[in-house]
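One structure below.
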Amino acid sequence: MRSRIDAARDAILSAGSLIKETFGRELSGEVKEKDRNDFVTATDLASEKLITETLRSAFPEIGILAEEKAAPGSGKELWVIDPLDGTTNFIHGYPSIGVSIALLVENRVEIGLVYDPLREELFEALRGEGAYCNSVRIRVSETAELTNALLGTGFPFKASGHIDRYLYLFKDLFLRCRGIRRAGAAVLDLSHVASGRLDGFFELHLQPWDIAAGSLLVQEAGGRVSDFFGEPYCISRGNIIASSPMIHGYLVEAASRIFDRDQLKELSNDLIQGEIKKGP
Ligand code: IPD
Ligand code: CA
Ligand code: CA
């Protein structure tokens with residue numbers, strides 16, 4: 001795994017430099033709307049090309065699932081890549097963006113890297129070996145009570161049919177915690193849970209590249225990751241709760257009281273072949 005994490009580190013740092021160079025620049029003509037409020041820029045594409053070429057030349061036998069060319073991925077080993085997380089922030093010059101690379105082996109995340117190019121923070125985890133930020137060990141927070149917790153979330157703008165329940169969950173937690181942040185880059189939200197800056201995070205309808213690396217970071221930092229119903233998380237389902245161990249029960253209790261398991265199944269995808277069958 002060492003040679004794989006080294007190659008992923010080279011790729012993510014180069015992609016981060018490329019993104020940082022374009023951040024804050026005028027992007028006219030470089031932005032396309034893939035779907036309502038879902039954008040791709042020339043920088044997303046350039047970052048993805050750089051990462052995939054770097055990884056493919058080092059490990060031609062490993063499959064690739066990358067956001068902008070999202071064809072279902074399969075195989076014993078699979079890279080899962082978000083070349084620029086927080087594209088809407090990037091377009092607006094709002095400084096919350098990241099890059100994410102994970103390696104799945106038989107559908108289990110073994111390596112996770114997230115890079116924040118603006119803060120120059122590199123989060124890395126190798127299964128069983130802990131989580132690190134710029135080579136310093138990180139751990140989830142020790143916050144035990146929801147009333148003292150700072151939470152992160154994202155709005156389900158691609159699943160507007162679920163907005164009322166989501167807002168109900170938001171209100172339920174908001175009235176009982178210290179605060180809720182929505183910074184617009186799920187890969188950073190998860191990294192901030194891993195480093196104890198956030199006590200918990202919840203979002204629905206995320207994609208495998210949004211959560212694969214970050215979920216390993218949280219687990220390796222001593223946190224818990226599950227779906228909204230407390231079941232072992234499945235990256236193809238996309239509804240996720242990641243938090244310090246003592247906050248987790250509060251979040252699952254609220255999400256499972258408000259959401260219906262069968263209704264959320266419609267938001268699953270089949271991008272990682274076989275994963276959904278093994279999941280909860
Ligand atoms: C988005 C970000 C955002 C989350 C969205 C994602 P993108 O990723 O992670 O925080 O709320 O659901 O799609 O499209 O900027 O890579
Ligand atoms: Ca993303
Ligand atoms: Ca992206």
Side-chain angles (χ1 to χ4, degrees), residues 11-12 15-16 18-19 22-23 27 30-52 64-71 79-102 109 112-118 123 151-163 166-167 169-170 180-194 197-198 200-215 217-218 228 235-242 264 267-269 271-272:
I12 210 167
L18 182 154
I19 291 167
T22 19
F23 182 78
L27 296 176
E30 294 176 27
V31 181
K32 283 206 181 81
E33 194 165 7
K34 296 188 277 188
D35 207 344
R36 163 102 178 108
N37 285 341
D38 188 9
F39 300 96
V40 59
T41 70
T43 306
D44 296 65
L45 299 173
S47 171
E48 182 162 307
K49 184 166 185 287
L50 193 160
I51 294 171
T52 53
I64 292 182
L65 171 65
E67 178 178 9
E68 307 306 340
K69 282 207 180 124
W79 295 110
V80 179
I81 300 160
D82 191 334
L84 201 180
D85 189 53
T87 298
T88 303
N89 289 344
F90 179 77
I91 293 167
H92 288 261
Y94 184 83
S96 178
I97 54 173
V99 188
S100 176
I101 301 178
V109 186
L113 293 93
V114 169
Y115 186 50
D116 177 341
L118 302 179
F123 298 88
L151 305 178
T153 188
F155 304 133
F157 67 97
K158 291 180 213 156
S160 49
H162 295 267
I163 190 69
Y166 170 80
L167 289 175
L169 173 62
F170 187 98
I180 305 186
R181 301 287 177 262
R182 193 298 192 238
V187 308
L188 295 188
D189 293 328
L190 288 162
S191 304
H192 294 165
V193 172
R197 297 166 182 169
L198 290 174
F201 169 72
F202 62 98
E203 187 162 348
L204 70 144
H205 202 28
L206 287 171
Q207 302 297 323
W209 43 82
D210 297 315
I211 54 181
S215 62
L217 283 163
V218 172
F228 273 21
I235 59 179
S236 298
R237 285 258 147 89
N239 66 86
I240 184 169
I241 291 176
L264 286 190
L267 300 180
S268 301
N269 62 64
L271 287 164
I272 297 177

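When reading the values below, keep in mind they use all heavy atoms of this one structure, side chains included, and skip hydrogens, waters and symmetry mates. Atoms within a ligand are numbered from 1 in the order they appear, just like the ligands themselves.
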Review point. Once rounded to 10 degrees, what value does the angle at the Ca ion (ligand 2) take between OD1 (D210) and OD1 (D85)?
Key: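 OD1 of D210 and OD1 of D85 make an angle of 110° at the Ca ion (ligand 2), to the nearest 10°.
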Contact atoms of ligand 1, heavy-atom distance to [X] under 4.0 Å:
X: R182; answer: 3 (C), 10 (O), 11 (O)
X: D210; answer: 8 (O), 9 (O)
X: G86; answer: 7 (P), 15 (O), 16 (O)
X: L84; answer: 16 (O)
X: T87; answer: 15 (O)
X: A186; answer: 2 (C), 9 (O), 10 (O)

Check your understanding: Among G184, G214, G154, which one has a heavy atom closest to atom 10 (O) of ligand 1?
Key ->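 Ranked by closest heavy atom to atom 10 (O) of ligand 1, first place is G184.
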Review point. With respect to atom 2 (C) of ligand 1, which of D82, D85, L190 exhibits the smallest heavy-atom separation?
Key: D85
What residue and atom, counting heavy atoms only, is the protein's closest point to [atom], and at what distance?
atom: atom 5 (C) of ligand 1; result: F157 CE2, 3.6 Å
atom: atom 12 (O) of ligand 1; result: E203 OE2, 3.2 Å
atom: atom 13 (O) of ligand 1; result: K158 NZ, 3.2 Å
atom: atom 14 (O) of ligand 1; result: E67 OE2, 3.7 Å

Point to revise | Geometry at the Ca ion (ligand 3) - D82 OD1 versus E67 OE1 angle, rounded to 10 degrees | key: 90°
Check your understanding: Could D35 and K158 be called an ion pair, given the rule that one side-chain N must be under 4.0 Å from one carboxylate O?
Key -> no
Point to revise | Flag side-chain contact, heavy atom, 4.5 Å: T153 against Y166 | key: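 With C-beta onward as the side chain, the pair touches.
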Point to revise | Reported CZ-to-CD1 distance for the pair F90 and I97, which is rounded to 0.5 angstrom | key: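 Rounded to the nearest 0.5 Å, the CZ-CD1 separation comes out at 6.0 Å.
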**Study point:** L84 near the Ca ion (ligand 3): N/O/S under 3.0 Å
**Key:** yes
Exercise for review: For ligand 1, indicate whether the residue N89 contacts it via side chain, backbone, both or neither (heavy-atom separation under 4.0 Å).
Suggested key: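 Answer for N89: neither.
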